Amino acid sequence: MDNPNEQSRMDKIVSLAKRRGFIFQSSEIYGGLNGFWDYGPLGVALKRNLKECWWQDMVAGHDELATLPGAGSPYEMTGLDCTIIMHPQVWKCSGHFDLFHDWLVDCRESKRRYRYDHLQGRFATYRAKRVFIVSDQSGEEAVADSEAKALKFFGVRPKNSDEIQWQEGGLVPLARCIADGTVALAEALGPAATEPGTLTPPREFNLMFETRIGALAGGDDDRAFLRPETAQGIFMNFKNVLDTSRVRVPFGIGQIGKSFRNEITPRNFTFRSREFEQMEIEFFCKPDESAAWYRFWRDRRWNWYLSLGLTAGKLQLREHAADELSHYSVGTADIEYAFPFLATGEFGELEGIAHRGDFDLRSHSEGKLVRKDGALVVELGADGKPRHRGSGKDLSYFDDVTRERYIPHVIEPSAGADRAVLAFLCDAYHEDEVPDEDGKARSRTVLKLHPRLAPIKVAILPLVKKDGMPEVAIALYRSLKTQLACMYDEKGSIGRRYARQDEAGTPWCLTIDGQTLADQTVTLRDRDSLTQIRLPLNECVSALRTRLQES
Ligand code: ATP
């Protein structure tokens, strides 16, 4: 983090999230559990709204007569809800069993654990003593961190810091230096160590959580895994969906659900959690149309974030370079957001859109595939047999109009619900000034959430707790409650009540005042423009519905 303003902005967002009941640390009264988060009363509503928008916009509300521009074939969308624990063979054929790991290093002295690819460093020399200072930070923060560590290690005062000589070229990844032999682990000073040589050699760490099935757990056959992605459940049911619904290729299946990854270093609030929710689509199409569908989904998903108000300038679409692609992927693009906890110019992944080719359906049919000389072939074990057996089931598609049979290609837009909630929260957070009741400027914190996402759509506020105003307000609240998420609040001055709603992201407030009793109109206050207009009481429901639809 090289921008202290952004860091303090992030601290404020985290504190607002807790104070207003959006997000709490899991098991907090026992000291919390790293990498696990609970959603409070406002947070659960925000997250449900987000998932509902995704489901509505991508699955339920999809126009089934819509076509891929230029291709002509209408496409359908349908949904699934699969289990978290699946047959262990699923993960063997998907590649997760062998390949879903990170490299970790432990520090023998501090007992801390690090992701190998998150460590970087550089040599510092002072009076003929040389050490490779390692940091687990990123960007400018890593530079400052390594400088502070060097002062401490050599016992040099800050005013004499220029007596320390630094290797040219800035910080370099530790993994690269170890691999090319320019650094030995014995020379590396771990991020929380006082002496060099305490970091262990890197070792593989599978990110899947393991569990046992059945009461007599023991043998290897009972071993099962919590899914690290929801996608595989969709492949498991590809044939079931084809056989039981009227869908024809091209079509997509959407699923929202929990996934689990035993992340080595969960951090940055909910961004990297160990339990999180994904919103995934597997879109099945004809191989020769797959490149066009890939572009279609990449653009469609990009536009979805914009349609819900994410600031375009903070979003980035990044196509992966060939050497970055997963073992199965023909092309992948990430939609990334400039989260405030990242250094200026850095972006964090919100969603990946991957062209998976026919890898998954073929692997689950024939056995786990590997790429050899550019082609996907069944991986063989030492005995010459498939290393991981497939189901043996035919997962091809027969087009009864063209009489063609083929294994569909898959485009996978895979989004994280928690990361999206975090991005929308960060993007919505604003501090500005508003005139208070006396016309004086008052600073306010406001969440400018899109009305579709806002946990509460409208607050009903009697101006004072007397003169019959609460009665009218309660009647209005009851008539609105069945239609929209709304709340009633009569506590405190009207200014404070507006401020509370601004912090919760409520787009509209309806205030019942003296004039309401005379002419049956109420004040509608808009959170962002702060305009106030008068509306007839009996038009409130339709006026708010229209506003919500048009937002
Ligand atoms: P990263 O590189 O950040 O670990 P990834 O590339 O492994 O992410 P994918 O496997 O593509 O992520 O998962 C799809 C989406 O699921 C991500 O874009 C993200 O929104 C979400 N996601 C993945 N891992 C986590 C996590 N540990 N915590 C929260 N969300 C996650």
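Counting starts at 1 for both ligands and their atoms, in listed order. Because the structure is a prediction, the values reported are computed rather than measured. Sequential numbering from 1 along the given sequence is applied to the chain's residues.
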Can you pull out the closest protein heavy atom to [atom]? Residue, atom name and distance to 0.1 Å, please.
atom                    : answer
atom 19 (C) of ligand 1 : Arg419 NH1, 3.6 Å
atom 4 (O) of ligand 1  : Arg272 NH1, 2.8 Å
atom 2 (O) of ligand 1  : Glu349 OE1, 4.0 Å
atom 28 (N) of ligand 1 : Ser273 N, 3.0 Å
atom 16 (O) of ligand 1 : Gln278 NE2, 3.1 Å
atom 21 (C) of ligand 1 : Gly416 CA, 3.7 Å
atom 29 (C) of ligand 1 : Phe271 O, 3.2 Å
atom 14 (C) of ligand 1 : Ser414 OG, 3.0 Å

(message) Less than 4.0 angstrom from a charged side-chain N to a carboxylate O is my criterion; do Lys18 and Glu28 meet it?
(response)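 Looking at Glu28 together with Lys18, the answer is yes, because their closest N to O distance falls below 4.0 Å.
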
(message) Looking at Lys149 and Asp145, is any side-chain nitrogen of the basic one under 4.0 Å from a carboxylate oxygen of the acidic one?
(response) yes

(request) Show which atoms of ligand 1 fall inside a sub-4.0 Å distance from at least one heavy-atom site of Glu351. (result) 18 (O)

(message) The criterion is side chain to side chain donor-acceptor pair (under 3.5 Å); which residues satisfy it with Lys314, sequence neighbours excluded?
(response)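 Here no residue qualifies.
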
(request) Could you name the option among Leu350, Leu207, Ile353, Asp418 that has the heavy atom nearest to atom 20 (O) of ligand 1? (result) Leu350

(message) Heavy atom to atom 12 (O) of ligand 1, shortest distance: which of Arg261, Arg274, Arg115, Glu229 holds it?
(response) Arg261

(message) Are Phe269 and Phe341, when compared by the centres of their aromatic rings, separated by less than 6.0 Å?
(response)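 Ring centres of Phe341 and Phe269 not closer than 6.0 Å.
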
(request) Answer yes or no: is there a side-chain heavy-atom contact under 4.5 Å between Phe284 and Pro250? (result)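 Not touching, per the 4.5 Å side-chain cut-off.
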
(request) May I ask you to decide if the ring planes of Phe209 and Phe36 are parallel, tilted or perpendicular, using 30° and 60° as cut-offs? (result)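 Geometry flag for Phe36 against Phe209: tilted rings.
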
(request) Compare every heavy atom of Ile281 with every heavy atom of Met58, then report the nearest pair and how far apart it is. (result)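 That closest heavy-atom pairing would be CB-CD1, 3.9 Å.
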
(message) Test your reading of the structure: does Phe276 have an N or O sitting under 3.5 Å from an N or O of ligand 1?
(response) no

(request) Scan residues 84-106 for pairs that pass salt bridge (charged side-chain N to carboxylate O under 4.0 Å, His left out), counting only residues two or more places apart or in two chains. (result) Asp98-Lys368, Asp98-Arg387, Asp102-Arg115, Asp106-Arg113, Asp106-Arg203

